Enquirer: 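This is the structure I want to talk about, given as structure tokens.
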2 protein chains.
Amino acid sequence: MNTLKKKRSKNERKRVLDSYLAKKQLKSTKQRDTIFDVFFNHTDDHISVEELYEIVKKRNPKIGFATVYRTLKLFKECGLAFERNFGDGRTRYEPVTFDGERHDHIICIDCGKIICFNNPEVQVLLQSLAKSNKFELSNYKLELYGNCDSSCESQDHSS
Amino acid sequence: MNTLKKKRSKNERKRVLDSYLAKKQLKSTKQRDTIFDVFFNHTDDHISVEELYEIVKKRNPKIGFATVYRTLKLFKECGLAFERNFGDGRTRYEPVTFDGERHDHIICIDCGKIICFNNPEVQVLLQSLAKSNKFELSNYKLELYGNCDSSCESQDHSS
DNA sequence: GGTAAATTGATAATGAATATCAATTAAGGT
DNA sequence: ACCTTAATTGATATTCATTATCAATTTACC
Ligand SMILES: [Mn+2]
Ligand SMILES: [Mn+2]
Ligand SMILES: [Zn+2]
Ligand SMILES: [Zn+2]
């Protein structure tokens, strides 16, 4: 992803957020700006609320974690972020990328590495599976767990 | 499932539990017997700990809910029960059936109805998907959400 | 029956997430 | 710039499911 594209992305996101705030009669605040900057400039995906809060605090120590919770939920509501719940009990968020399509994850049970994937075959198969059970599929949750390779065991991607 | 088969199943389960208790130097207790009976005679699948506790209390009001938690975990450890976590924040358990194979679920977002399914195609597809990402697949979580039909909305399967 | 170790159940503690609420701040009109 | 109003914030309390604690009880074995 080149610089131009990234810049455009940020502006687009800002526009999405601003129009959502206007539509819902919400206000633009310094705290939301700060969290916006930190969240969308963060390179690592699938950050937990606590992790993001720790980074945000460095920029502005006065921001409370309730605000971080609230703001991430706001990003989710306006379609800028996905909310994730892998098995570890802490909610994580990741930016919605350009295409905006859903995707699923492969998680290494040794080092915590997470790979995102979007496989159309899976979608088709699950759709027909639901149909054959007389269900109208509206959403699904899919997570693969395994080992990424034999050399990752000494690492630790968890916080 | 006829009566003979069900009876054999119960005896087999009892044997599995007893041999596990022996192997781990655990003890057979009245409480474990009661919870065993209630859990494996319960027809509805995917029962929550709280729900099971309420039924167990009718049989023996002195049993504490900590014991129900502990015993369901015991059933899981010895391979007699699956532990489930759908999105509602409460852990559920279901008996492992004869074949013992894993299975996944379709959940109606209107009435809470849950259908279990075991589709070999899914397994194969996910296996190859993991392989193509250089992962050794060891487990996965798959839940489909949708509507079972148009006549279920007035019902309520939640507790 | 006696002994050691496992079990139980009442209760406290945990931890992530949400609710509360007084003080602050943003936005729009004047 | 001031006023008014409603949204926002952050410290704190609360919720809720689950786990930890621990003295009293019960089981298994001799
Ligand atoms: Mn992802
Ligand atoms: Mn099932
Ligand atoms: Zn790994
Ligand atoms: Zn339904």
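Just so it is clear: chains get the letters A, B, ... in the order the sequence lines come, proteins before strands, and each one is counted from 1. For clarity, every value in this text was computed on a predicted model and none was experimentally measured.
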Enquirer: Are any non-hydrogen side-chain atoms of B/Lys10 and B/Arg15 less than 4.5 angstrom apart?
Expert: no

Enquirer: Starting from P on C/dT24, measure out to CG on A/Asn60 and report it in whole angstrom.
Expert: 16 Å

Enquirer: Give the nucleotide from the list D/dA17, C/dT11, D/dG10 with an atom nearest to the side chain of B/Tyr69.
Expert: D/dA17

Enquirer: So if I take every side-chain heavy atom of B/Lys73 and compare against C/dT8, D/dT19, C/dA17, which nucleotide ends up nearest?
Expert: D/dT19

Enquirer: Should we say atom NZ of B/Lys14 is surrounded by more than 12 heavy atoms from elsewhere, each under 6.0 Å from it?
Expert: yes

Enquirer: Using whole Å, report how far CZ of A/Arg90 lies from C1' of D/dA17.
Expert: 18 Å

Enquirer: Over how many whole Å does the gap from A/Phe65 atom CZ to C/dT18 atom C1' extend?
Expert: 10 Å

Enquirer: Starting at OG of A/Ser128, measure out to CG of A/Leu137 and round the result to the nearest 0.5 Å.
Expert: 10.0 Å

Enquirer: What is the distance, rounded to the nearest whole Å, between atom CG of A/Asp88 and atom P of D/dT18?
Expert: 16 Å

Enquirer: Does A/Glu121 have more than 12 heavy atoms from other residues, nucleotides or ligands lying within 6.0 Å of its CD?
Expert: no

Enquirer: Which whole-number value in Å describes the distance from A/Arg84 CZ to C/dA16 P?
Expert: 21 Å

Enquirer: Return the residues of residues 20-31 of chain B meeting this criterion: a heavy atom under 4.0 Å from some atom of DNA chain C. Order them by number, or give none.
Expert: B/Gln25, B/Leu26, B/Lys27, B/Thr29, B/Gln31

Enquirer: In whole angstrom, what separates B/Tyr53's OH from C/dG9's P?
Expert: 9 Å

Enquirer: Given atom CD of A/Glu83 and atom C1' of C/dT18, what is their separation to the nearest angstrom?
Expert: 13 Å

Enquirer: By nearest nucleotide on DNA chain C, pick out whichever of B/Gly64 and A/Val49 is the more 5' one.
Expert: B/Gly64

Enquirer: Rounded to the nearest 0.5 Å, how far does CD1 of A/Ile106 lie from NZ of A/Lys113?
Expert: 10.0 Å

Enquirer: At 4.0 Å (heavy atoms only), tell me whether B/Arg70 reaches a base, stays on the sugar-phosphate, or touches nothing.
Expert: base

Enquirer: Applying salt bridge (charged side-chain N to carboxylate O under 4.0 Å, His left out), run through B/Lys141 and B/Glu143 and close with a yes or a no.
Expert: CA-CA 7 Å; B/Lys141 183 182 179 100; B/Glu143 292 153 21; 3.2 Å; yes

Enquirer: Taking only side-chain nitrogens and oxygens of B/Thr67, does any of them come within less than 4.0 Å of OP1 or OP2 of C/dT7?
Expert: no

Enquirer: Under 30°, 30 to 60°, or over 60°: which ring-plane class applies to A/Phe40 and A/Phe75, parallel, tilted or perpendicular?
Expert: tilted

Enquirer: Select one nucleotide: of C/dG9, D/dT9, C/dA19, the one nearest the side-chain heavy atoms of B/Ala66.
Expert: C/dG9

Enquirer: Can you measure B/Asp33 atom CG to D/dA28 atom P for me and round it to whole angstrom units?
Expert: 10 Å

